[in-house]
Trainee: 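First the structure, which I've put down as structure tokens, then a few questions once you've had a look.
Keep in mind that the numbers below use all heavy atoms, side chains included, and drop hydrogens, waters and symmetry copies.
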Amino acid sequence: QVQLVESGGGLVQPGGSLRLSCAVSGRTFSSYVMGWFRQAPGKEREFVAYIWWRSGDTNHADSVKGRFTISRDNAKNTVVLQMNSLKPEDTAIYYCAARDPSGSFAYARPQTYSYWGQGTQVTVSS
């Protein structure tokens with residue numbers, strides 16, 4: 001089992017920044033792929049970024065490349081999503097997720113993730 005707890009959401013003006021954190025606990029998560037996804041009202045959950053915990057390799061959705069950065073802090077067992085130059089269309093509930101890297105190679109598909117946090121609201125508005 002892997003437990004995930006997100007924090008850091010809130011209200012920010014367009015162009016501003018937020019830093020989301022996901023505290024990770026449980027067995028064997030150091031071999032997992034960690035992802036951030038988001039879901040806006042009336043829309044499907046969509047991929048934001050993922051990171052391989054062991055290697056640190058990352059991938060970001062085209063919509064956030066150059067603005068968002070995923071990273072992990074081994075000492076704190078935390079996955080971080082640094083969000084800069086935020087836009088109103090970034091408004092959503094953001095979820096942290098984890099999965100075993102074996103099996104499907106579709107690391108951007110939320111359906112392939114086994115563990116999810118409760119989500120944290122991000123609102124970008126003036």
Side-chain angles (χ1 to χ4, degrees):
Q1 286 288 337
V2 176
Q3 292 80 43
L4 308 171
V5 179
E6 303 100 332
S7 61
L11 172 64
V12 64
Q13 293 187 342
S17 298
L18 279 177
R19 183 179 174 91
L20 304 184
S21 294
C22 175
V24 186
S25 61
R27 299 192 336 174
T28 71
F29 69 86
S30 61
S31 65
Y32 275 38
V33 178
M34 306 298 302
W36 281 99
F37 295 82
R38 66 187 182 186
Q39 188 166 17
K43 294 188 176 181
E44 293 187 352
R45 193 166 296 189
E46 68 172 1
F47 166 68
V48 176
Y50 66 73
I51 185 168
W52 286 67
W53 192 285
R54 184 161 288 165
S55 68
D57 291 343
T58 64
N59 187 28
H60 296 75
D62 288 343
S63 59
V64 306
K65 275 182 182 175
R67 301 188 299 121
F68 293 10
T69 303
I70 189 172
S71 62
R72 79 266 198 246
D73 185 329
N74 288 331
K76 296 181 179 180
N77 291 344
T78 299
V79 178
V80 173
L81 185 68
Q82 178 66 44
M83 305 187 296
N84 300 326
S85 302
L86 282 159
K87 305 175 181 180
E89 52 263 42
D90 295 319
T91 295
I93 299 175
Y94 282 70
Y95 297 91
C96 178
R99 57 162 285 184
D100 188 296
S102 62
S104 170
F105 293 119
Y107 300 112
R109 289 190 65 214
Q111 294 88 342
T112 66
Y113 285 72
S114 302
Y115 304 100
W116 291 86
Q118 81 286 355
T120 185
Q121 177 70 48
V122 171
T123 303
V124 185
S125 175
S126 55

Trainee: Work out which heavy atom in Pro101 is nearest to a heavy atom in Val33; give both atom names and the distance.
Mentor: CB-CG2, 3.8 Å
Trainee: Using every non-hydrogen atom in the two residues, find where Tyr95 and Gly117 come nearest and quote the distance to one decimal.
Mentor: CD2-O, 3.7 Å
Trainee: Can you tell me which residue among Val5, Asp73, Val79, Thr78 is in a side-chain contact (heavy atoms from CB on, under 4.5 Å) with Val24?
Mentor: Val79
Trainee: Hey, is the main chain of Thr112 close enough, under 3.5 Å, to the side chain of Tyr107 for a donor-acceptor pair?
Mentor: no
Trainee: Pairing donors with acceptors under 3.5 angstrom, does anything connect the side chains of Ser85 and Arg67?
Mentor: no
Trainee: Mind checking the OG-CD spacing from Ser7 to Gln118? Nearest 0.5 Å is all I need.
Mentor: 8.5 Å
Trainee: If you look only at pairs with a residue in residues 11-49, which of them pass as a disulfide bond (SG atoms under 2.5 Å apart), with sequence neighbours excluded?
Mentor: Cys22-Cys96
Trainee: Flag yes if Phe105 and Tyr32 sit in one hydrophobic cluster, no otherwise; membership is Ile, Leu, Val, Met, Phe, Trp, Tyr, and two members link when side-chain heavy atoms are under 4.5 Å apart.
Mentor: no
Trainee: Between Ile93 and Trp116, is there shared hydrophobic-cluster membership here, with clusters defined by ILVMFWY side-chain heavy atoms closer than 4.5 Å?
Mentor: yes
Trainee: CE/Met83 to CZ/Arg19 distance, rounded to the nearest 0.5 angstrom?
Mentor: 11.0 Å
Trainee: Considering non-hydrogen atoms only, spot the tightest contact between Ala108 and Phe47 and give its length.
Mentor: O-CB, 3.2 Å
Trainee: Nearest 0.5 angstrom please: Phe68 CZ to Thr58 OG1, how far?
Mentor: 14.5 Å
Trainee: The test is side chain to side chain contact (heavy atoms under 4.5 Å, CB included); show your working for Thr91 and Gln121 and say whether it passes.
Mentor: CA-CA 8 Å; Thr91 295; Gln121 177 70 48; 4.1 Å; yes
Trainee: Measure from the side-chain N and O atoms of Arg99 to the backbone N and O of Ser104, and report whether any donor-acceptor pair falls under 3.5 Å.
Mentor: yes
Trainee: Can you give me the closest heavy-atom contact between Ser17 and Asn84, atom names plus distance?
Mentor: OG-OD1, 2.9 Å
Trainee: How close do Met34 and Ile70 get, counting heavy atoms only, and between which atoms?
Mentor: O-CD1, 3.9 Å
Trainee: Just say parallel, tilted or perpendicular for the rings of Tyr113 and Phe37, cut-offs at 30° and 60°.
Mentor: perpendicular
Trainee: Count I, L, V, M, F, W, Y as connected when their side-chain heavy atoms are under 4.5 Å apart, and connections chain through other members. Are Tyr50 and Trp53 then in the same cluster?
Mentor: no
Trainee: Please answer: with hydrophobic residues joined when any side-chain heavy atoms are less than 4.5 Å apart, are Val64 and Leu86 in the same cluster?
Mentor: yes
Trainee: Less than 4.5 Å apart, side chain to side chain, heavy atoms only: is that true for Leu11 and Ser125?
Mentor: yes
Trainee: If I take atom CD from residue Gln39 and atom CD from residue Glu44, how far apart are they, to the nearest 0.5 angstrom?
Mentor: 8.5 Å
Trainee: Indicate the atoms forming the closest heavy-atom contact of Ser31 with Arg54, along with that distance.
Mentor: CB-NH2, 3.7 Å
Trainee: Does Gln1, at its CD atom, have more than 12 non-hydrogen atoms belonging to other residues, nucleotides or ligands within less than 6.0 Å?
Mentor: no
Trainee: Salt bridge check, Lys65 against Asp62: does any charged N sit closer than 4.0 Å to a carboxylate O?
Mentor: yes
Trainee: If Ile, Leu, Val, Met, Phe, Trp and Tyr residues are connected whenever their side-chain heavy atoms lie under 4.5 Å apart, and connections chain through other members, are Leu81 and Leu4 in the same group?
Mentor: yes
Trainee: Verify whether one side chain among Thr69 and Gln82 offers a donor that lies under 3.5 Å from an acceptor in the other.
Mentor: no
